[in-house]
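First the structure, in the form of structure tokens, and then the observations on it.
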Amino acid sequence: MIRDITIGQYYPADSVIHRLDPRVKLMAVACYLVSLFLFRNVAGLVAVTLGLAGIIRISKVPFRYMVKGLKAILVILVLSTLFQLFLTPGETLVQIWKLKVSYEGARNAGFMIIRLTYLILGSSLLTLTTTPNQLTDGMEKALRPLGKLHVPVHEVTMMMSIALRFIPILIEETDKIMKAQLARGADFESGNLVKKAKSMLPLLIPLFVSAFRRANDLAMAMEARCYRGGVGRTKMKPLSYHRRDGVAYLVIGAYFLGVLLLRKVS
Amino acid sequence: MMLMILDHVNYIYSEKTAYEIQALKDINLKIEDGEFIGLIGHTGSGKSTLIQHLNGLLRATSGSIYFQGQDIYDEGYNRKELRGKVGLVFQYPEHQLFETTVFADVCFGPKNQGLSEKDAQMRAYTALHEVGLPEEYWYHSPFELSGGQKRRAAIAGVLAMKPEVLVLDEPTAGLDPKGRDEILDQVAALHQSTGMAVILVSHSMEDVAKYVGRLLVMSQGSILLDGTPREVFRHYQELEAIGLAAPQVTYLMHELAQKGLAVDPDATTLGEAKDSILQAFGKRQRRNRQENYD
């Protein structure tokens with residue numbers, strides 16, 4: 001049940017995508033996200049789809065596993081589709097009672113669904129193929145120029161990596177607490193909204209208590225190892241570019257250009 | 001009477017992903033009313049997975065489970081009621097204690113069963129007495145209790161539902177030897193007085209051997225040995241092969257027997273061993289004396 005959440009999880013596999021430098025992957029995701037909102041026609045859509053499908057294929061992450069992450073945004077997806085469908089003015093396509101579905105609305109709704117779905121799929125691919133450690137290293141290096149503007153880059157990325165690292169731990173903990181309370185006859189599903197919210201207390205209180213305990217333990221462990229932020233800190237495995245990273249940059253550039261050019265096709 | 005039957009139960013975690021693990025492999029098991037069972041195995045041997053099947057928290061990938069003659073996977077079978085009958089206490093009491101006072105927390109289970117406030121309080125009162133938690137702690141926050149007291153509160157929380165089987169997952173983990181013996185003695189006393197079946201999960205042989213009537217040894221998802229502690233410890237070499245050890249007494253007695261002393265190598269507790277050794281020495285002394293007379 002709760003274990004189905006795949007946001008921020010790493011999926012171990014042996015693929016080129018897994019081996020790429022995290023900076024390349026960050027760049028790729030950034031380009032990909034922009035490209036999602038650049039295309040305006042079916043030709044662009046096909047290009048983006050092919051790009052995404054290709055990368056998923058190469059990454060060796062089972063598609064079934066990725067789709068699970070979509071469940072989380074299902075509500076947003078349905079809501080935004082409905083708004084697009086009924087609230088876009090234009091040429092009327094169908095009319096149900098007082099609600100009009102316009103041709104533009106249907107088109108916008110269709111693109112919206114595809115954009116949001118691709119958005120989640122593409123960005124989850126980043127965390128699925130990159131370990132949290134690598135991801136932080138990549139972030140830290142890519143954001144280093146901001147350090148000149150006195151942005152605490154190391155601290156920010158450290159916080160991010162801790163947050164990412166704790167997602168699976170807290171999910172597992174939630175699962176255990178849920179089971180312990182289910183074993184005592186707790187019911188998390190039935191009843192109205194108020195009753196449901198109340199039934200969450202036996203789950204949330206132990207979860208909070210344990211989250212605070214873990215945070216405390218972690219702070220203690222970091223202090224015991226003399227952690228004091230990023231100044232003068234060196235890496236055991238410093239990031240370095242390989243040939244495949246160069247090739248990947250070229251592929252990303254070509255993809256982005258392609259999408260830009262397809263915008264001109266009408 | 002037969003309480004529970006597990007028939008060819010298999011369970012696979014995260015099927016069809018890179019994390020796929022077969023946690024249970026073809027488990028066949030019969031549990032009688034009122035039995036006191038020890039379930040032993042290494043971390044990752046599948047014991048925690050197995051007990052979560054007993055009250056329906058996990059659903060077997062294949063195979064069936066019968067409780068009091070009814071298939072628990074039948075459509076319309078009330079699994080919430082089953083959880084009241086198969087009381088499962090998890091390893092960490094921190095995962096279930098949440099109320100403002102210990103007493104209120106113990107009331108949570110019976111209230112979920114649909115009992116009135118008053119009946120729930122009666123149950124809580126009895127349960128807290130049964131686990132031997134001193135009355136002065138009843139109205140403290142459960143988070144202020146010591147490790148051993150928390151565990152008692154957690155067990156009481158499940159006992160208050162009046163289960164027919166009590167399943168305890170590592171009830172002694174993280175306790176000092178004194179706390180461990182206290183909890184186990186209390187559980188044994190409970191088994192004596194209420195007559196309910198008890199399943200004690202542990203990774204330590206020595207802990208459970210002296211209490212239970214039947215031992216199940218799990219390894220890599222299957223049940224390796226099943227029998228009385230004496231029978232199981234006879235296979236001490238097999239136990240060693242899977243990284244478990246028989247009680248130290250077993251080793252001592254086997255070595256003495258090999259050296260030619262007429263002791264009972266199956267003695268499992270310190271008391272039995274002592275009697276057996278004394279007896280063996282007694283016989284030898286008598287024989288020696290007789291030889292001197294002749």
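In what follows, chains are A, B, ... by sequence order, proteins preceding strands, each numbered from 1.
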Residue Q113(B) versus chain A: region with a heavy atom under 4.5 Å: neither
How long is the straight-line distance from CD of Q96(B) back to CG of L203(A), given to the nearest 0.5 Å? 13.0 Å
Please determine whether the number of non-hydrogen atoms from other residues, nucleotides or ligands lying under 6.0 Å from atom CZ of R165(A) exceeds 12. no
Side chain, backbone, both or neither: which part of E99(B) has a heavy atom under 4.5 Å from chain A? neither
Under 3.5 Å, side chain of E94(B) to main-chain N/O of S210(A), donor-acceptor pair present? no
Shortest non-hydrogen separation from H95(B) to I177(A) and the atoms involved: O-CG2, 3.3 Å
Let me confirm one number: the CG-CZ distance from D187(A) to R83(B), rounded to the nearest 0.5 Å. 9.5 Å
Are more than 12 heavy atoms from other residues, nucleotides or ligands located less than 6.0 Å from atom CZ of F103(B)? yes
Is the count of non-hydrogen atoms from other residues, nucleotides or ligands lying under 6.0 Å from M160(A) atom CE greater than 12? yes
Is L88(B) in contact with chain A via its backbone, its side chain, both, or neither, using a 4.5 Å heavy-atom distance? both
How many angstroms lie between NZ in K179(A) and CZ in F90(B), if you round to the nearest 0.5 Å? 6.5 Å
Taking everything shown except R244(A) itself, do over 12 heavy atoms lie less than 6.0 Å from its CZ? yes
Carboxylate-amine/guanidinium proximity below 4.0 Å for R184(A) and D105(B): yes
Minimal non-hydrogen separation, P206(A) against L97(B), with atom names: CG-O, 3.7 Å
So with a 6.0 Å cut-off around CE of M27(A), is the heavy-atom count from everything else above 12? no
Whether over 12 other heavy atoms sit under 6.0 Å from L193(A) CG: no
Structural part of L58(B) lying under 4.5 Å from a heavy atom of chain A: side chain
Around K118(B), counting heavy atoms of other residues, nucleotides and ligands shown, do more than 12 lie under 6.0 Å from its NZ? no
Counting heavy atoms not belonging to F143(B), are there more than 12 under 6.0 Å from its CZ? yes
